[in-house]
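Have a look at the structure below, then the notes.
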Amino acid sequence: DEIVFLVLNVKDKNFTEILKNSMLKNKPVAIVSFLSSDEILGLKNELKHYAIPVISTLATNNNVADIKNSFIQVCIDN
């Protein structure tokens, strides 16, 4: 097993395409996100396609948990 860190710039206009290609290539078992609620909500259509848990550390909006059943909010910044 290995841990792979992928750093992406959400301000990149190709961000969702880069994320999608990375998901297909790396086949992660989980995503740990350091994105804000707005950034996560902006990705909700992409994240729904993957059957892996997403652990969000900075998203405090309760609507984030509605994205998928395997979405976990661990709010370390409130």
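The first residue in the sequence is number 1, and the count goes up from there.
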Check for a donor-acceptor pair, side chain of Ser33 on one end and backbone N or O of Ser56 on the other, with a separation under 3.5 Å. no

Among all residues two or more places apart in sequence or in another chain, which pass the side chain to side chain donor-acceptor pair (under 3.5 Å) test with Glu39? Ser36

Ile52 vs Ile31 side-chain heavy atoms within contact, under 4.5 Å: yes

Among pairs that include at least one residue of residues 18-36, which meet salt bridge (Lys or Arg N to Asp or Glu O under 4.0 Å), considering only residues two or more places apart or in two chains? Glu17-Lys20

Could you tell me which residues satisfy side chain to side chain donor-acceptor pair (under 3.5 Å) with Ser22, sequence neighbours excluded, listed by chain and number? Asn26

Can you sort out the partners of Asp66 under side-chain contact (heavy atoms from CB on, under 4.5 Å), two or more places apart, ordered by chain and number? Asn63

Residue set satisfying side-chain contact (heavy atoms from CB on, under 4.5 Å) with Ile55, at least two apart, ordered chain then number -> Val32, Ile72, Val74

Measure the shortest side-chain to side-chain distance between Leu35 and Leu58 over non-hydrogen atoms and say whether it is less than 4.5 angstrom. no

Rounded distance (nearest 0.5 Å) linking atom CE of Met23 with atom CG of Leu47: 7.0 Å

Pairwise side-chain contact, Ile40 with Asn61, heavy-atom cut-off 4.5 Å (strictly under): no

